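Here the structure comes first, spelled out in structure tokens, and everything after it is commentary.
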Amino acid sequence: MTGRPSRAPLYRTIQSEIQRDILSGRLKPGDWLPSESQLRAQYGVSQTSVRRAFQELQRLGLVERFHGRGSIVASNEIRAMSPMLGLGRELRQRGFAIRPELLSNAEEPAADAVAKALDLEPGDTVSHIERRYWIGDDPFVFLDHYLAPQPGIDFAEFTGDSLYAFLSGRDAQPTHARERVSAVNLSAAEAERLQVEPGVAAMLRERTSFGADQRPVEFTRYILRGDRYHLDIDLRSER
């Protein structure tokens, strides 16, 4: 990779050069990329520009980022493209009768992992919203939202039902998102939220959503009870 040669946005120059090296095969799946500090020195740019470049590469599925360790070229794994729905709407479309509950809604300084996901600096103010969805007498999913500040939006007005409907009513619904789905064992705090025993299996969905300007606006962790939730995948043979 070479130094900055053009008038393109600083982050786009870094992104384009790394992207070209990946697509050409010069960088292969599993290869570690230069650190943020190395790229800052190489290109003479800010940390924000380097992070934005990595955010775009991650959005395209070309790299994977690991907090505290760096970024690697993503493997050639199979990815599914689905319509972007809020979890509440998705569950209702699948036939679940859910009841939302707002647990907390406050501003707080962004922890390192949240700041990295939202392309902010650690300590920047974010809105932190915690919710649950119930099915009958059982809590079904715990929703842990972190939202970047947006002009003209007061997240304190959110009352707990559909976050995307709230954003859509303010012309700020995200345009696309990336999700990672993992199997986890619940911590004591997570188990308490879902009223199950600590250590039981659950499904974790981590979503980063982006606005029309391609900047991340939402980072959410959905923790779903493993005994109540499943994913259905339809497969067809190629002919």
Side-chain angles (χ1 to χ4, degrees), residues 1 3-4 6-19 32-74 104-131 143-158 163-164 166-167 170-180 182 189 204-222:
M1 290 180 286
R4 187 178 76 234
S6 72
R7 296 181 182 177
L10 301 180
Y11 81 88
R12 189 69 74 186
T13 299
I14 303 170
Q15 174 199 340
S16 297
E17 293 201 4
I18 296 176
Q19 185 171 325
W32 286 94
L33 297 177
S35 68
E36 290 185 5
S37 60
Q38 289 174 322
L39 290 173
R40 286 171 59 191
Q42 178 179 346
Y43 288 91
V45 299
S46 68
Q47 185 178 43
T48 298
S49 293
V50 173
R51 286 184 175 176
R52 180 71 185 276
F54 277 127
Q55 290 277 358
E56 291 299 302
L57 291 165
Q58 186 178 34
R59 182 179 64 82
L60 293 170
L62 295 175
V63 307
E64 294 184 68
R65 302 171 70 190
F66 299 93
H67 180 61
R69 297 174 57 196
S71 301
I72 65 172
V73 179
S104 66
N105 184 353
E107 292 186 342
E108 64 180 47
D112 289 352
V114 172
K116 193 167 187 177
L118 293 176
D119 198 15
L120 300 172
E121 294 297 328
D124 284 354
T125 299
V126 295
S127 293
H128 183 196
I129 298 173
E130 295 180 310
R131 296 189 292 155
L143 306 93
D144 196 17
H145 306 279
Y146 295 89
L147 298 137
Q150 297 192 54
I153 297 182
D154 182 2
F155 288 106
E157 297 175 350
F158 176 64
L163 179 60
Y164 283 3
F166 173 85
L167 292 172
R170 291 155 177 80
D171 295 322
Q173 181 167 343
T175 59
H176 62 284
R178 292 187 57 83
E179 271 199 16
R180 179 177 294 272
S182 309
L204 169 65
R205 294 173 58 175
E206 293 181 296
R207 174 181 291 191
T208 303
S209 301
F210 301 83
D213 61 357
Q214 309 302 315
R215 294 189 62 82
V217 295
E218 171 210 7
F219 174 64
T220 291
R221 300 174 76 246
Y222 305 112

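These figures come from a predicted structure and were not determined experimentally.
- The two residues Leu167 and Pro174 make their nearest non-hydrogen contact at CD1-CD, 3.8 Å.
- For the pairing with Thr220, the side chain to side chain donor-acceptor pair (under 3.5 Å) check across His145, Glu179, Arg131 returns one residue only, His145.
- Looking only at side-chain heavy atoms (C-beta outward), Gln214 and His176 come within less than 4.5 Å of each other.
- Atom-to-atom distance recorded for Arg178:CZ and Ser209:OG is 11.5 Å, nearest 0.5 angstrom.
- One finds the CG atom of Asp171 at 11.0 Å from the CD atom of Gln150 (value rounded to the nearest 0.5 Å).
- With salt bridges taken as basic N to acidic carboxylate O contacts below 4.0 Å, none links Arg40 and Glu36.
- Between Glu121 and Gln47, the closest side-chain pair of non-hydrogen atoms falls below 4.5 Å.
- A donor-acceptor contact shorter than 3.5 Å is absent between the side chain of Arg65 and the backbone of Gln58.
- Expressed to the nearest 0.5 Å, how far CG of Leu39 lies from CG of Leu33 amounts to 8.0 Å.
- For the residue pair Ser49 / Tyr43, no side-chain donor-acceptor distance below 3.5 Å is found, with atom types taken as modelled.
- Under a 3.5 Å cut-off, the side chain of Asn105 and the backbone N or O of Phe155 do form a donor-acceptor pair.
- Taking the ring centre of Phe219 as origin, the terminal cationic atom of Arg221 falls outside the region bounded by 6.0 Å and 45° from the ring axis.
- Residue Asp144 holds its CG atom at 3.5 Å from NE2 of His128, rounded to the nearest 0.5 Å.
- The aromatic rings of Phe158 and Phe166 lie perpendicular to each other, with more than 60° between the two planes, well past the 30° mark.
- A side-chain donor-acceptor contact under 3.5 Å links Arg12 and Gln15.
- With Leu147 as the partner, the side-chain contact (heavy atoms from CB on, under 4.5 Å) test is satisfied by one option alone out of Ile153, Leu163, Leu118: Leu163.
- Under the 4.5 Å side-chain criterion, counting only non-hydrogen atoms from C-beta, Phe54 is not in contact with Lys116.
- Across Ala148 and Pro216, no two heavy atoms sit closer than the pair CB-O, 4.1 Å.
- Rounded to the nearest 0.5 angstrom, Arg52 CZ and Thr48 OG1 are separated by 10.5 Å.
- Heavy-atom minimum distance, Pro34 versus Gln38: CA-OE1, 3.3 Å.
- Taken from OG in Ser35 to CD in Gln42, the straight-line distance is 10.0 Å, to the nearest 0.5 Å.
- Exactly one of Thr208, Ile129, Leu120, Val126 qualifies for a side-chain contact (heavy atoms from CB on, under 4.5 Å) with Tyr146. That residue is Val126.
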